[in-house]
2 protein chains.
Amino acid sequence: MTKEEQLIMNFRDLFNKIAWLNKPKMEDRLKGYKPSEVHCIEFIEKNRETNVTKLAESFYMTRGAMSKLTKKLIKKGLIENYQKPNNKKEIYFRLTDQGKVIYNIHEELHKQFIERDKAVFEQVTEEQFDSMLRFVEKYNKHLDAEIKKQGLTTN
Amino acid sequence: MTKEEQLIMNFRDLFNKIAWLNKPKMEDRLKGYKPSEVHCIEFIEKNRETNVTKLAESFYMTRGAMSKLTKKLIKKGLIENYQKPNNKKEIYFRLTDQGKVIYNIHEELHKQFIERDKAVFEQVTEEQFDSMLRFVEKYNKHLDAEIKKQGLTTN
DNA sequence: ATCATTTTGTTTCCCGGTCAACAATTAATC
DNA sequence: GATTAATTGTTGACCGGGAAACAAAATGAT
């Protein structure tokens with residue numbers, strides 16, 4: 001196996017483990033709220049004028065999936081939708097007060113997870129950090145170009 | 001956002017894009033075979049004495065899911081199962097000739113994807129590579145320890 | 001202004017994975 | 001050796017997301 005493959009595989013494994021490890025605590029503190037729901041709430045709070053299409057593109061999911069998810073969140077009273085006066089097509093979302101409670105709990109948990117892994121990150125020099133960031137950003141740009149070349153669209 | 005978060009987020013995005021970008025070519029050359037099926041075939045070929053439980057642990061999925069998946073692969077004639085003479089409980093899998101054909105096509109595609117991203121990796125020095133590998137391995141070990149601490153098990 | 005094209009969001013059907021309950025076998029404990 | 005506990009694999013109910021067909025609105029072309 002080449003180093004490229006090793007690196008990719010190790011990172012993939014890393015993310016599987018992180019998700020696996022975070023799940024129980026998430027479910028404990030955020031009972032009744034699925035990861036996808038919380039993730040959606042997080043995005044809506046952090047981005048202005050979010051609609052179904054933007055959510056789909058960001059999460060690499062279909063508009064259909066996000067349509068259902070946002071409908072559920074509305075039903076649960078976590079988000080609400082609004083439109084602009086001059087546009088009858090696009091529908092945007094914002095958090096309700098209840099949604100913000102969930103958002104804050106999630107942020108807090110997130111900090112705990114960072115804290116849990118602090119030991120690892122402390123051993124990384126600033127130099128290494130920047131090097132990795134440069135790499136991953138370069139790689140992302142490369143893929144963006146490839147995606148554009150292929151002309152892929154969100155379903 | 002801290003550098004830690006930035007790094008993690010960028011990598012997550014990276015993997016989404018890779019999956020998104022590889023999908024169409026995979027579906028083209030491996031028509032009729034789903035990513036999960038191919039992934040499963042790959043693992044069985046690369047690991048000795050694979051059973052449902054080992055697959056579940058490696059893929060961070062449930063035994064139920066892998067049980068269904070392997071049953072489907074058997075039905076399609078891509079894998080076959082066998083047991084050891086002194087153990088009536090554990091059931092292992094190996095590829096059939098037809099399964100090996102799929103395996104080889106996948107390997108070939110994999111090389112093409114590596115080739116596509118070669119430009120990025122070429123700009124990485126050996127030093128950087130090793131540095132990143134060390135980091136991700138350290139992080140993985142840290143998480144393994146955390147998982148062990150939590151006493152998590154595959155469902 | 002009219003008509004075609006594109007964008008946005010929704011809905012139905014289907015598939016894949018989880019969960020939980022289960023039987024069968026093996027390992028551990030006494 | 002008998003009994004209890006743990007492991008392994010399977011099944012059915014359930015749910016989340018994808019694919020595709022669709023309506024409504026906005027944009028473009030003429």
Side-chain angles (χ1 to χ4, degrees), chain A residues 16 19-20 22-24 26-27 31-41 43-44 49-76 79-93 151-155, chain B residues 16 19-20 22-24 26-28 31-41 43-44 49-76 78-93 151-155:
Chain A
N16 278 335
W20 185 257
N22 292 356
K23 211 177 150 199
M26 285 283 194
E27 283 167 351
K31 260 193 231 311
Y33 304 100
K34 301 280 166 63
S36 59
E37 298 174 323
V38 178
H39 197 192
C40 185
I41 286 172
F43 187 90
I44 290 171
E49 295 176 3
T50 301
N51 57 9
V52 163
T53 299
K54 207 188 265 185
L55 282 169
E57 285 170 356
S58 303
F59 292 176
Y60 293 83
M61 290 210 277
T62 58
R63 293 203 310 272
M66 297 319 296
S67 176
K68 292 171 193 167
L69 185 49
T70 50
K71 277 206 171 309
K72 191 164 41 153
L73 289 175
I74 289 172
K75 207 168 195 174
K76 288 190 175 185
I79 66 174
E80 58 191 10
N81 56 28
Y82 66 96
Q83 302 194 212
K84 292 189 186 178
N86 54 346
N87 190 325
K88 292 170 188 167
K89 195 172 64 164
E90 277 153 32
I91 303 168
Y92 303 98
F93 304 104
L152 294 174
T153 57
T154 306
N155 195 9
Chain B
N16 279 335
W20 184 259
N22 293 357
K23 211 176 150 198
M26 284 284 194
E27 282 169 351
D28 180 44
K31 259 193 231 309
Y33 304 99
K34 301 282 168 59
S36 60
E37 297 174 327
V38 178
H39 197 191
C40 185
I41 287 171
F43 187 90
I44 290 171
E49 294 176 3
T50 300
N51 57 9
V52 163
T53 299
K54 207 188 267 183
L55 282 169
E57 285 170 357
S58 303
F59 293 177
Y60 293 83
M61 289 210 277
T62 59
R63 294 203 309 273
M66 299 318 297
S67 177
K68 289 170 188 169
L69 183 50
T70 50
K71 277 205 170 311
K72 191 165 43 154
L73 290 175
I74 288 172
K75 207 168 194 174
K76 287 190 176 186
L78 299 170
I79 66 173
E80 59 190 9
N81 57 27
Y82 65 95
Q83 301 195 210
K84 292 189 186 178
N86 55 346
N87 189 325
K88 292 170 190 167
K89 194 172 64 163
E90 277 152 34
I91 302 170
Y92 303 98
F93 303 105
L152 294 174
T153 57
T154 306
N155 194 9

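Order of the sequence lines fixes the chain letters, A, B, ..., with proteins taken first and strands second; residue numbering starts at 1 for each chain.
Close to C/dT7, at under 4.0 Å from its OP1 or OP2, lies no side-chain N or O of A/T53. An OP1 or OP2 oxygen of D/dG9 is reached within less than 4.0 angstrom by a side-chain nitrogen or oxygen of B/N51. Phosphate proximity of D/dA19 to B/K23: present, with a side-chain N or O under 4.0 Å from OP1 or OP2. Residue B/N87 places at least one side-chain N or O under 4.0 Å from the OP1 or OP2 atom of C/dT26.
Taken to the nearest 0.5 Å, the CZ atom of B/F43 stands 9.0 Å off from the CE atom of B/M66.
Nucleic acid contact for A/K72: sugar-phosphate only, since backbone atoms but no base atoms lie under 4.0 Å from a heavy atom of the residue. Within 4.0 Å (heavy atoms only), B/A65 reaches at least one base atom of the nucleic acid.
When rounded to the nearest whole Å, the span between OH of B/Y82 and C1' of D/dG9 equals 16 Å. Whole-Å rounding puts the A/L73 CG to C/dT10 P distance at 13 Å.
With DNA chain C read from its 5' end, the first of the two nearest nucleotides for A/T70 and B/Y60 is the one closest to A/T70. Both A/E90 and B/M66 sit near DNA chain D, but only B/M66 has its closest nucleotide nearer the 5' end. Taking the nucleotide of DNA chain C with the nearest heavy atom to each of B/L69 and A/K54, the more 5' of the two is matched to A/K54.
Checked by atom type, the side-chain pair B/E90/B/Y92 shows a donor-acceptor distance below 3.5 Å.
In the interface, the side chain of B/K68 is paired with the base of C/dT18 through a donor and an acceptor atom under 3.5 Å apart. You won't find any donor-acceptor pair under 3.5 Å spanning the side chain of B/K89 and the base of C/dT26, going by distance alone.
Within the 3.5 Å criterion, the main-chain N or O of B/K54 finds a donor-acceptor partner in the side chain of B/S58.
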